[in-house]
Student: 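The following block contains the structure, expressed as structure tokens.
What you see below is based on every heavy atom in this structure, not just the backbone, and it leaves out hydrogens, waters and symmetry mates. Here, residue 1 is the first one in the sequence, and each next residue gets the next number. Values in this document were obtained by computation on a predicted structure and should not be read as measured data.
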Amino acid sequence: QVQLVESGGGLVRAGDSLRLSCAASGRSFSSDTMGWFRQGLGKEREFVAAINWSGHMTLYGDSVKGRFTISRDNAKNTVTLQMNSLKPEDTAVYYCAAGEDHGFTPLINDYDYWGQGTQVTVSS
């Protein structure tokens with residue numbers, strides 16, 4: 001059974017940091033593009049960050065550039081999202097996703113596997 005399980009969410013204050021992790025199982029994701037998306041209350045799911053299979057290419061949404069960093073460990077089948085200088089507008093459920101055979105992409109429809117999400121709440 002293919003699974004992506006996020007962890008590390010929580011309640012923090014503006015300016016704080018959080019580190020989200022995504023553990024993948026059920027198959028190897030070492031060839032997949034891995035991404036993070038988020039969905040705020042009443043909002044559409046939006047792209048946060050992506051990393052290619054080798055980890056040498058990364059892409060970020062405009063609202064998180066310079067504050068968030070995505071990384072991966074293919075040996076451990078994990079992906080992390082380091083979030084610094086958090087803002088109240090970063091409050092959302094954060095989802096880990098894997099894209100198989102769609103190339104390096106920020107497009108939500110190009111991701112085939114999704115986790116259940118982890119809540120991040122940033123207070124002002």
Student: Of the non-hydrogen atoms in T58 and I51, which two are nearest, and what is the gap between them?
Tutor: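 Closest pair (atom of T58, atom of I51, distance): CG2-CG1, 3.9 Å.
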Student: Between the side chain of N52 and the main-chain N/O of G55, is any donor-acceptor distance below 3.5 Å?
Tutor: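 Yes.
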Student: What class does the angle between the rings of F37 and Y111 fall in, given that below 30° is parallel, 30 to 60° is tilted and above 60° is perpendicular?
Tutor: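 Because their plane-to-plane angle is over 60°, the rings of F37 and Y111 count as perpendicular.
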Student: V2 and F29: which non-hydrogen atoms are nearest, and at how many Å?
Tutor: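 Closest heavy-atom pair between V2 and F29: CG1-CZ, 3.5 Å.
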Student: With sequence neighbours excluded, tell me which residues meet salt bridge (charged side-chain N to carboxylate O under 4.0 Å, His left out) with D110.
Tutor: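 D110 satisfies salt bridge (charged side-chain N to carboxylate O under 4.0 Å, His left out) with no other residue.
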Student: For a quick test of reading the model, state the closest non-hydrogen atom pair linking F68 to R38 and the distance between them.
Tutor: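 What the structure gives for the nearest pair is CE2-NH1, 4.1 Å.
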Student: Tell me, please, whether W53 has R72 positioned over its six-membered ring: NZ or CZ under 6.0 Å from the ring centre and within 45 degrees of its axis?
Tutor: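 Negative - R72 is either too far from the ring of W53 or too far off its axis.
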Student: Using every non-hydrogen atom in the two residues, find where M34 and C96 come nearest and quote the distance to one decimal.
Tutor: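 For M34 and C96, the tightest heavy-atom pair comes out as CE-SG, 4.0 Å.
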Student: Test your reading of the model: is there a side-chain donor-acceptor pair from Y94 to the backbone of Q39, 3.5 Å cut-off?
Tutor: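 Not confirmed, Y94 side chain does not pair with Q39 backbone.
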Student: Can a donor-acceptor pair be found between the side chains of H102 and D112 at a distance below 3.5 Å?
Tutor: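 H102 vs D112: donor-acceptor pair found between side chains.
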Student: Q119: what forms a side-chain hydrogen bond (donor to acceptor under 3.5 Å, both in side chains) with it, not counting sequence neighbours?
Tutor: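 If we apply the side-chain hydrogen bond (donor to acceptor under 3.5 Å, both in side chains) test to Q119, skipping adjacent residues, the hits are T121.
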Student: Can you see which heavy atom on A49 is nearest to which on L81, and at what distance?
Tutor: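 Smallest heavy-atom distance, with atoms named: CB-CD1, 4.1 Å.
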Student: Which atom pair, heavy atoms only, marks the closest approach of N77 to S28?
Tutor: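 Where N77 meets S28 most closely, the heavy atoms are ND2-CA, 4.1 Å.
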Student: I108 and F104: same hydrophobic cluster, using ILVMFWY side-chain contacts below 4.5 Å?
Tutor: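 As far as the 4.5 Å side-chain criterion goes, F104 and I108 are connected within one cluster.
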Student: Throw together a table of side-chain donor-acceptor distances under 3.5 angstrom for residues 10-22, partners on residues two or more places apart or in other chains.
Tutor:
unit_1	atom_1	unit_2	atom_2	d
D16	OD2	R13	N	3.1
S17	OG	N84	OD1	2.9
R19	NH1	Q82	OE1	3.1

Student: Got more than 12 heavy atoms from elsewhere within 6.0 Å of CD, E100?
Tutor: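 Count over threshold, so yes.
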Student: Tell me whether W114 is reachable from V79 by hopping between hydrophobic residues (I, L, V, M, F, W, Y) whose side-chain heavy atoms are closer than 4.5 Å.
Tutor: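 No; tracing contacts between hydrophobic side chains, which count when under 4.5 Å, never links both residues.
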Student: Between atom CG of D90 and atom OG of S85, what is the distance when rounded to the nearest 0.5 Å?
Tutor: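 If we round to the nearest 0.5 Å, D90:CG and S85:OG are 9.5 Å apart.
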Student: What about V48 and I70, same hydrophobic cluster or not, with Ile/Leu/Val/Met/Phe/Trp/Tyr joined at side-chain heavy-atom distances under 4.5 Å?
Tutor: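 Shared cluster, yes.
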Student: Report yes or no: does T91 contribute a side-chain atom to a donor-acceptor pair with the main-chain N or O of V122 at less than 3.5 Å?
Tutor: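 Yes, the answer is positive, given that a donor and an acceptor are paired below the 3.5 Å cut-off.
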Student: Shared ILVMFWY cluster between L86 and F47, side chains joined below 4.5 angstrom?
Tutor: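 No, no single cluster joins them.
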Student: Out of curiosity, K43 NZ to E89 CD, how far, rounded to the nearest 0.5 Å?
Tutor: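 Answer for the NZ-CD pair, K43 versus E89, is 8.0 Å.
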Student: Without swapping roles, check the side chain of D32 against the backbone of Y113 for a donor-acceptor pair under 3.5 Å.
Tutor: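 Answer holds: no.
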